[in-house]
**Q** 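Quick one: the structure is below, questions incoming.
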Amino acid sequence: MKIAVTGKGGVGKTTLSSTLARLYADEGRTVLAADVDPDANLGLALGLTEEEVNAIVPVSKMKELAKERTAANESNTFYKLNPQVSDLPDKLSKDVNGVKLLVMGTIDTGGTGCVCPEHVMLKAILSSLVFRKNDVVIMDMEAGLEHLGRGTASMMDQFIVVIEPGARSIQTYERIKQLAGDIGVHKVRVVANKIRDDADRDFIRSRIPAEDLLGFMSYNADVIDADRRGLSPYDCSPQAVEEIRAIKAVIDSQE
């Protein structure tokens, strides 16, 4: 199972990603959760402390490793475009409550000169994740799909867009679905979060095709409190866990 979770900032994609990861881990599956969002907080949502999260060096900052794997010269003008990286996810990940967490980070190009080796290594690692045949891979993405190349994206089992009951969130879903179509991916599903009442559900159902809607997550004070305290929603909100368990059942039925 290979899942990419995306959506606007603050919609709850990290809550969904982290809880799905822990539910699969509870089943004894090997789970690798990749934090590909620039605002990386998947570690906290999985159960790490702030100190443990701050101690993690993102893959994007491992310049010497990137140079080594891409055989880059000193000026970064020559380097391999297809470096060997299949061993890196296991080597660089951190075990958290049965889940292997891999913090990818982002490339900062401002004033740093050529950063192509790091970019190439990040892309290669993301591509390698889809070849982990017996593992569950969950990618907590940013709103765009720029991190995923055409070949990598086509091998994902699910693209899940987390939305809120509002016109701007629907617009984000439509944009992501178009981007996915541009790279040959036509299986884009939706989870609606922060649902308050039947009016919210009716709004979502009126705008999202039934075959694309995986389920709903309620507006949940326990999840908000967990985020404020830097705790895992999995450990703080039985309601959220059960709602995401139901979403997982739908995902599994479509595998």
Side-chain angles (χ1 to χ4, degrees), residues 2-6 13-14 17-18 21 25 29-156 183:
K2 310 294 181 289
I3 302 170
V5 181
T6 186
K13 61 183 185 297
T14 299
S17 298
S18 62
R29 304 282 293 271
T30 299
V31 182
L32 194 146
D35 198 339
V36 196
D37 193 328
D39 185 20
N41 53 22
L42 184 57
L44 287 174
L46 285 170
L48 290 180
T49 66
E50 288 190 47
E51 292 76 12
E52 289 171 324
V53 169
N54 292 335
I56 296 175
V57 178
V59 175
S60 63
K61 303 299 183 184
M62 299 179 180
K63 298 182 182 296
E64 291 305 315
L65 179 62
K67 286 186 176 182
E68 174 192 323
R69 291 303 175 104
T70 61
N73 61 1
E74 287 302 314
S75 60
N76 289 342
T77 53
F78 296 98
Y79 46 84
K80 295 179 181 178
L81 293 177
N82 56 342
Q84 173 56 249
V85 297
S86 59
D87 61 315
L88 292 183
D90 288 315
K91 287 182 177 179
L92 302 179
S93 62
K94 182 177 181 63
D95 290 336
V96 190
N97 290 313
V99 177
K100 294 178 179 292
L101 169 65
L102 184 64
V103 179
M104 302 297 289
T106 56
I107 298 298
D108 180 12
T109 58
T112 60
C114 178
V115 291
C116 293
E118 293 96 300
H119 179 74
V120 166
M121 186 172 73
L122 281 179
K123 295 280 286 186
I125 291 174
L126 281 176
S127 296
S128 75
L129 297 181
V130 301
F131 292 103
R132 298 173 70 96
K133 292 184 178 180
N134 298 319
D135 297 351
V136 175
V137 175
I138 298 175
M139 299 183 189
D140 187 4
M141 310 291 293
E142 58 183 323
L145 301 179
E146 291 81 5
H147 285 79
L148 294 177
R150 203 171 283 269
T152 301
S154 65
M155 297 183 69
M156 301 300 292
I183 57 176

**Q** Can you list everything that forms a side chain to side chain donor-acceptor pair (under 3.5 Å) with Lys91? Sequence neighbours excluded, please.
**A** Asp87
**Q** Distance from Leu102 atom CG to Lys94 atom NZ, nearest 0.5 Å?
**A** 13.0 Å
**Q** Of all the heavy-atom pairs spanning Pro83 and Val120, show the shortest one and how long it is.
**A** CD-CG1, 3.6 Å
**Q** My understanding is that only residues two or more places apart in sequence, or in another chain, count here; which of them pass side chain to side chain contact (heavy atoms under 4.5 Å, CB included) with Val136?
**A** Met1, Tyr24, Arg29, Val31, Ile138
**Q** Is there a side-chain contact between Asn134 and Thr30 in this structure, where contact means two heavy atoms from C-beta onward sitting under 4.5 Å apart?
**A** no
**Q** Working to the nearest 0.5 Å, report the span between CD of Glu118 and CD of Glu64.
**A** 9.5 Å
**Q** Donor-acceptor pair, Lys2 side chain versus Arg132 backbone, under 3.5 Å?
**A** yes
**Q** Mind listing the closest non-hydrogen atom pair of Lys13 and Val5 along with its distance?
**A** CB-CG1, 3.6 Å
**Q** Any idea which heavy atoms bring Ala21 and Val99 closest together, and the distance?
**A** O-CG2, 3.7 Å
**Q** Nearest heavy-atom pair of Val130 and Met156: which atoms, and what distance?
**A** CG1-SD, 3.6 Å
**Q** Please round to the nearest 0.5 Å and tell me the distance separating atom OG of Ser18 and atom CG of Leu48.
**A** 11.0 Å
**Q** Decide yes or no on side chain to side chain contact (heavy atoms under 4.5 Å, CB included) for Leu32 and Asp135, but give the supporting numbers first.
**A** CA-CA 7 Å; Leu32 194 146; Asp135 297 351; 5.7 Å; no
**Q** Between Gly47 and Asn97, which heavy-atom pair has the shortest distance, and what is it?
**A** CA-ND2, 3.9 Å
**Q** Do Ile56 and Val103 touch side chain to side chain, with heavy atoms closer than 4.5 Å?
**A** yes
**Q** Output all residues satisfying side chain to side chain contact (heavy atoms under 4.5 Å, CB included) with Leu88, sequence neighbours left out; order by chain, then residue number.
**A** Leu65, Arg69, Val85, Leu92, Met121, Ile125
**Q** Rounded to the nearest 0.5 Å, what separates atom CE in Met139 from atom CG in Leu129?
**A** 4.5 Å
**Q** Counting distance only, does the side-chain N/O of Asp35 pair as donor-acceptor with the main-chain N or O of Leu101 below 3.5 Å?
**A** no
**Q** Show the nearest heavy-atom pair for residues Gly105 and Pro58, with the distance to one decimal.
**A** CA-CB, 3.8 Å
**Q** For Asp95, which residues count as a salt bridge (charged side-chain N to carboxylate O under 4.0 Å, His left out) partner, sequence neighbours excluded?
**A** Lys100
**Q** Looking at residues at least two apart in the chain, or sitting in another chain, which of them share a side chain to side chain contact (heavy atoms under 4.5 Å, CB included) with Asn41?
**A** Thr14, Asp39
**Q** Can you sort out the partners of Glu52 under side chain to side chain donor-acceptor pair (under 3.5 Å), two or more places apart, ordered by chain and number?
**A** Thr49
**Q** Less than 4.5 Å apart, any side-chain heavy atom of Leu122 and any of Val59?
**A** yes
